[in-house]
Amino acid sequence: GQNIDQPTEMTATEGAIVQINCTYQTSGFNGLFWYQQHAGEAPTFLSYNVLDGLEEKGRFSSFLSRSKGYSYLLLKELQMKDSASYLCAVSFTGGGNKLTFGTGTQLKVEL
Amino acid sequence: DVKVTQSSRYLVKRTGEKVFLECVQDMDHENMFWYRQDPGLGLRLIYFSYDVKMKEKGDIPEGYSVSREKKERFSLILESASTNQTSMYLCASSLEGVNYGYTFGSGTRLTVV
């Protein structure tokens with residue numbers, strides 16, 4: 001199968017930094033996405049990685065290592081509104097635009 | 001503002017009913033997808049479509065069918081609803097090309113009683 005693994009839950013403090021990890025099967029890898037989903041809402045696009053390295057977008061950054069089958073989403077200067085589920089999704093070759101999603105990491109930001 | 005619109009936010013249906021979930025996008029996207037989202041299982045792909053009248057099975061197509069008669073509209077059909085189809089259903093669309101992410105609709109929470 002094309003398992004995508006990420007932690008189920010994480011808790012962090014407002015103003016801190018948190019790193020959410022995602023591991024996936026390397027065979028056929030064709031790109032990785034991160035989405036944010038607030039409770040009761042649709043997922044929204046955060047980032048896309050296809051080459052190794054770090055992509056930075058304001059407070060959010062995403063890292064990819066293709067050889068290790070590993071990505072992380074880094075959230076800096078956490079705010080209460082960052083409390084949400086973060087979904088890692090991978091595109092595999094032969095699947096076109098089809099994405100396979102991890103089960104999501106529920107992040108709780110506390111005061 | 002670009003949009004993917006799902007016809008119903010909440011839906012309650014009886015076991016055995018035929019259920020239609022509608023999804024419309026206004027972005028001229030080639031690709032459209034239906035996922036269901038369940039706690040602990042994440043998003044699982046039911047069906048997708050690359051073009052009008054084209055459809056492909058996803059990972060969990062059993063008990064479902066789809067229709068794409070027009071580019072902007074992708075319908076999910078539960079032929080005979082069952083209680084294990086109680087779930088959040090999410091429609092998404094994307095441009096052709098692997099680096100384009102999805103735009104999701106707001107979801108339909110379906111309860112089958």
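Lettering of chains follows the sequences in order, A, B, ..., and the numbering in each one begins at 1.
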Q | Contact summary for Ser106(B) and Ala42(A), nearest pair of heavy atoms | A | CA-CB, 4.0 Å
Q) If you round to the nearest 0.5 Å, how far is OG of Ser94(B) from CZ of Phe45(A)? A) 12.0 Å
**Q.** Shared hydrophobic cluster, Tyr70(A) / Phe29(A) (ILVMFWY, side-chain heavy atoms < 4.5 Å)
**A.** no
**Q.** Close approach to chain A in residues 29-52 of chain B, criterion heavy atom under 4.5 Å
**A.** Asn31(B), Phe33(B), Tyr35(B), Gln37(B), Gly40(B), Leu41(B), Gly42(B), Leu43(B), Leu45(B), Phe48(B), Tyr50(B)
Q. With respect to chain B, which residue among Gly102(A), Pro43(A), Ser85(A) yields the maximal number of heavy-atom pairs within a distance under 4.5 Å?
A. Pro43(A)
Q. Linking I/L/V/M/F/W/Y whenever their side-chain heavy atoms sit closer than 4.5 Å, directly or via other members, would Leu46(A) and Tyr24(A) fall into one cluster?
A. yes
**Q.** Closest approach of Phe104(B) to Tyr35(A) (non-hydrogen atoms, all atoms of both residues)
**A.** CE1-CE2, 3.8 Å
Q. Are Leu74(A) and Leu54(A) linked, directly or through other ILVMFWY residues, by side chains that come within less than 4.5 angstrom of each other?
A. yes
(Q) Which atoms of Gln37(A) are under 4.5 Å from chain B, going by heavy atoms: the side chain, the backbone, both sets, or neither? (A) side chain
Q: State which residues pass salt bridge (Lys or Arg N to Asp or Glu O under 4.0 Å) with Glu56(A); sequence neighbours excluded, sorted by chain then number.
A: Lys76(A)
(Q) For Ile4(A), which atoms come within 4.5 Å of any heavy atom of chain B: side chain, backbone, both, or neither? (A) neither
Q. In terms of heavy-atom contacts, does CD of Glu77(A) have more than 12 from other residues, nucleotides or ligands at under 6.0 Å?
A. no
Q.
If hydrophobic clusters are built by linking Ile, Leu, Val, Met, Phe, Trp and Tyr wherever their side-chain heavy atoms come under 4.5 Å apart, do Leu107(A) and Leu87(A) end up in the same one?
A. no
Q. Within the distance-only criterion (no hydrogens, no angle test), does the side chain of Tyr102(B) pair as donor or acceptor with the backbone N or O of Leu99(A) below 3.5 angstrom?
A. yes
Q) Same cluster for Leu73(A) and Phe63(A) if Ile/Leu/Val/Met/Phe/Trp/Tyr side chains link at under 4.5 Å? A) no
**Q.** Leading residue by heavy atom contact count with chain A [cutoff under 4.5 Å; candidates Arg9(B), Met88(B), Glu56(B)]
**A.** Arg9(B)
